[in-house]
2 protein chains.
Amino acid sequence: MTANRALELLWRDDRRPARGPQRGLTVDRVVRAAIEVAEADGLAALSMRRVAQHLGVGTASLYTYVPGKTELEALMLDVIGADDPLPHERPGDWRAKLEAWARADWAEFRAHPWVLQLVNKSPAPGPNLLRWIDSALRVFDGTGLSEAEKMAAVESVDAYVRGLARQHLDQAEPDPEQDRLLAELVDFTRYPSLLRVLRAGVRPWSGDQFEFGLQRLLDGIAALIDNRSAPPEGHQ
Amino acid sequence: MTANRALELLWRDDRRPARGPQRGLTVDRVVRAAIEVAEADGLAALSMRRVAQHLGVGTASLYTYVPGKTELEALMLDVIGADDPLPHERPGDWRAKLEAWARADWAEFRAHPWVLQLVNKSPAPGPNLLRWIDSALRVFDGTGLSEAEKMAAVESVDAYVRGLARQHLDQAEPDPEQDRLLAELVDFTRYPSLLRVLRAGVRPWSGDQFEFGLQRLLDGIAALIDNRSAPPEGHQ
DNA sequence: GAGTAGATCGAACGCTGTTCGGAGTTTGTT
DNA sequence: AACAAACTCCGAACAGCGTTCGATCTACTC
């Protein structure tokens with residue numbers, strides 16, 4: 001079962017074998033090399049051959065450190081976020097903490113697109129993921145939310161940030177030639193509401209609207225929390 | 001430029017050539033065949049060879065209908081959502097319309113995972129996308145939101161639905177054996193908040209929490225709209 | 001009828017992740 | 001000291017991928 005081997009790797013069960021020649025590398029060096037390739041030339045350029053080449057090693061040798069590419073990707077993901085500050089360590093109340101984390105995550109995805117493309121591909125949870133979930137849940141301590149609501153709130157903000165980052169990522173940069181062709185092919189008067197938005201200078205999926213949705217979502221969570229902590233008053 | 005050809009295809013600029021033998025297929029049949037393959041065996045099984053085989057045709061022939069796989073995927077995406085009801089056509093006020101659309105989209109992504117995996121990969125906007133954006137924007141007519149805010153609201157809900165659907169999709173189904181191994185490898189007392197949530201019977205990223213985040217986000221948007229439409233009263 | 005643009009598609013190119021088997025190295029046991 | 005087991009390393013190969021090339025055939029224009 002490949003998922004099990006992934007688990008063991010993620011949780012660093014590296015009992016080294018007793019016999020055989022000494023290893024020339026470590027799992028960690030392989031993972032770091034993979035990250036360097038992805039950072040330099042993008043996720044599309046990440047291949048076992050490239051990673052091996054970067055390490056000055058035969059391709060097949062990688063398979064003594066890592067069972068396959070999927071597991072390597074899972075390790076990359078768990079390593080990359082290890083140094084980020086945790087949500088509960090940030091200053092302020094729950095809202096300030098979550099806000100700061102969301103902005104940092106958003107910035108991270110813009111800076112390292114490959115992380116976003118890899119995210120959610122992991123076959124098993126790693127230490128960093130669990131650490132992060134625990135921290136994010138802790139942010140809601142004392143808010144009066146139920147356990148299910150805490151988890152839901154965390155998932156919601158996470159889903160929003162990732163979803164918007166993905167839309168932004170896959171959005172091609174504006175190309176005048178393509179815009180010209182589009183204007184030529186499409187009768188935009190058929191889309192009056194869209195036309196009004198475009199005329200107002202708004203660029204859909206540009207990422208400019210990140211704060212708007214974040215604030216609305218946090219407003220909604222705040223309203224729920226206020227309702228919970230407010231004493232049952234007169235009406236109703 | 002491949003994106004331009006994609007645009008022309010999406011907007012059906014099919015000026016057929018004057019000379020040469022008659023074509024055995026149409027772009028539409030190729031796209032439909034591709035969708036059938038993805039529907040049957042998943043996106044991973046979608047290859048030009050598979051599509052050609054499904055049509056009883058040589059692989060290279062596909063390239064007379066479609067410039068490449070990327071463009072074929074773009075066409076698949078534009079075709080698949082063509083029959084869905086548009087947001088502004090649904091009953092009720094803006095909130096009811098958006099809610100109904102979000103639920104339908106969520107259900108669609110669960111039923112046809114390949115759509116989610118392909119989404120945002122399109123090199124150019126198709127008719128269906130523009131039609132949908134226009135309709136979604138129309139939902140906010142008369143709410144007092146600015147054009148930028150309307151677009152932001154649409155993007156937010158869209159990002160949330162897609163983000164959560166992706167998390168749910170890539171979540172492996174629970175495996176007792178793997179859970180056992182995880183429990184063996186991991187000291188869960190290091191993650192007390194997570195432990196409390198799990199003990200409460202909550203399954204993270206199960207998708208059960210879809211409604212929670214949707215309602216919070218819509219609450220936040222509603223609060224903004226109420227503020228806008230409320231007459232400037234005494235205090236403030 | 002000649003010329004030509006286009007349709008079809010087998011074969012090949014360069015790429016991918018992965019497996020196999022042989023050669024070399026270290027260790028534990030006898 | 002000798003041997004066997006266990007392990008590392010890795011060139012070569014396998015099956016699959018998207019795409020291109022070139023030959024062959026077709027149907028239209030002049």
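For clarity, every value in this text was computed on a predicted model and none was experimentally measured. Chain A is the first sequence line, chain B the second, and so forth, proteins listed ahead of strands; every chain is numbered from 1.
The interatomic distance linking B/L72 (CG) with D/dG18 (P) rounds to 10 Å, in whole Å. Rounded to an integer number of Å, the gap from OH of A/Y65 to P of D/dT8 is 7 Å. Regarding A/Y63, its OH atom lies at a distance of 17 Å from the P atom of D/dC14, rounded to whole Å. Whole-Å rounding puts the A/L62 CG to C/dT18 C1' distance at 12 Å.
By the salt bridge (charged side-chain N to carboxylate O under 4.0 Å, His left out) test, B/K69 pairs with no residue at all, sequence neighbours left out. Taking B/D105 as the reference, nothing meets the salt bridge (charged side-chain N to carboxylate O under 4.0 Å, His left out) condition, with sequence neighbours excluded. With sequence neighbours excluded, no residue satisfies side-chain hydrogen bond (donor to acceptor under 3.5 Å, both in side chains) with B/E89. By the salt bridge (charged side-chain N to carboxylate O under 4.0 Å, His left out) test, B/R180 pairs with B/E177, B/E184, sequence neighbours left out.
Salt-bridge formation is not detected for the pair A/R190/B/D134: no Lys NZ or Arg NE/NH1/NH2 atom is positioned less than 4.0 Å from an Asp or Glu carboxylate oxygen.
Within the 4.0 Å cut-off from OP1 or OP2 of D/dA5, not a single side-chain nitrogen or oxygen of A/R19 is found. Taking 4.0 angstrom as the limit, A/T64 places a side-chain polar atom (N or O) nearer than this to OP1 or OP2 of D/dC9. The side chain of B/T59 places no N or O atom within less than 4.0 Å of a non-bridging phosphate oxygen (OP1 or OP2) of C/dC9.
Taking a 4.0 Å limit (strictly below) on heavy-atom distances, residues 36-57 of chain B reaches DNA chain D at B/L46, B/S47, B/M48, B/R49.
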Anything under 3.5 Å between a donor and an acceptor, one on a side chain of residues 81-88 of chain B, the other on a protein residue two or more places apart or in another chain? List them.
unit_1: B/H88; atom_1: ND1; unit_2: B/S135; atom_2: OG; d: 2.8
unit_1: B/H88; atom_1: NE2; unit_2: B/R138; atom_2: NH1; d: 3.3

Could you list the donor-acceptor pairs under 3.5 angstrom formed by side chains in residues 198-205 of chain B, with sequence neighbours left out?
unit_1: B/R203; atom_1: NH2; unit_2: B/D208; atom_2: OD2; d: 3.3
unit_1: B/W205; atom_1: NE1; unit_2: B/Q167; atom_2: OE1; d: 2.5

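Place B/Q22 and B/A60 on DNA chain D by their nearest nucleotides, and B/A60 ends up nearer the 5' end.
Among the nucleotides D/dC10, D/dG18, D/dC7, the one closest to any side-chain atom of B/K69 is D/dG18.
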Using a cutoff of under 3.5 Å, can you pull out all pairs of nitrogen or oxygen atoms linking the protein to nucleotides 22-24 of chain D, with atom names and distances?
none

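Judged by distance alone, the side chains of A/D28 and A/T26 never bring a donor and an acceptor atom under 3.5 Å apart.
For residues 52-61 of chain A, the pairs satisfying side chain to side chain donor-acceptor pair (under 3.5 Å) are A/E36-A/H54, with sequence neighbours left out.
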